[in-house]
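One structure is given below, encoded as structure tokens.
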Amino acid sequence: MSALGVLKHLTAVERWWLSIEAGGLDVPSLWKGSPDPSWDLTDEDDVVSVAAAYRAEGVPSEQALEGLGAGGPPRGRPGSQGLRG
């Protein structure tokens, strides 16, 4: 595990919990398989690309959470009960 791997994983975490589960966006998960490969770096990953992906993930997360109250229920994944069930 490396700091870059942690940042790559945090990108997947942000997409799953904020965009998909809380915000209800219909976007693909970055967690694919078990054990979770989002920690693993590929030959294409470098500091610039991983940091850019993390920064870019904040845009849809922010939009997905718009209008949700701090104490209100999450929207959940499309077609499922998400965190509500």
Side-chain angles (χ1 to χ4, degrees):
M1 180 185 333
S2 67
L4 196 57
V6 171
L7 186 58
K8 185 174 178 181
H9 175 70
L10 288 174
T11 304
V13 168
E14 182 161 335
R15 177 172 292 187
W16 178 258
W17 287 110
L18 299 182
S19 293
I20 297 172
E21 286 292 343
L25 291 185
D26 188 14
V27 295
S29 172
L30 299 176
W31 273 326
K32 297 179 193 257
S34 183
D36 173 20
S38 69
W39 300 89
D40 301 334
L41 298 175
T42 67
D43 291 338
E44 292 81 35
D45 292 327
D46 59 24
V47 173
V48 172
S49 67
V50 173
Y54 180 72
R55 283 192 301 274
E57 197 61 44
V59 174
S61 294
E62 187 175 315
Q63 292 170 346
L65 296 176
E66 192 171 299
L68 288 180
R75 292 185 182 105
R77 287 174 278 162
S80 76
Q81 290 298 308
L83 293 174
R84 291 176 265 178

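Keep in mind that what you see is a predicted model, and the values were worked out from it rather than measured.
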message: Please list all pairs meeting ring-ring contact (aromatic ring centres under 6.0 Å, His included) that have one or both residues in residues 32-70, counting only residues at least two apart or in different chains.
response: His9-Trp39
- request: Using the test side-chain contact (heavy atoms from CB on, under 4.5 Å), find all partners of Ala51 that sit at least two apart in sequence or belong to another chain.
  value: Leu7, Arg55
field: All pairs passing salt bridge (charged side-chain N to carboxylate O under 4.0 Å, His left out) where residues 62-72 contributes a residue, at least two apart
entry: none
message: Checking one residue: Leu65. Which other hydrophobic residues are in its cluster under the side-chain 4.5 Å linking rule?
response: Leu18, Leu68
- prompt: Can you name the salt bridge (charged side-chain N to carboxylate O under 4.0 Å, His left out) partners of Glu57, sequence neighbours left out?
  reply: Arg15
- prompt: Would Val59 and Leu30 show up in the same hydrophobic cluster when neighbours are defined by side-chain heavy atoms closer than 4.5 Å?
  reply: no
- prompt: Roughly how far, to the nearest 0.5 Å, is OG of Ser38 from CG of Leu10?
  reply: 8.5 Å
Non-neighbouring partners of Ser2 that pass side chain to side chain donor-acceptor pair (under 3.5 Å), sequence neighbours left out: none
query: What closest approach, in Å, do Ser61 and Ser19 show between heavy atoms, and which atom pair accounts for it?
result: OG-OG, 3.0 Å
query: Taking only residues two or more places apart in sequence, or in another chain, which ones meet Asp45 in a side-chain contact (heavy atoms from CB on, under 4.5 Å)?
result: Lys8, Leu41, Thr42, Ser49, Val50
query: Are the side chains of Pro60 and Leu25 in touch, meaning some heavy atoms are under 4.5 Å apart?
result: yes
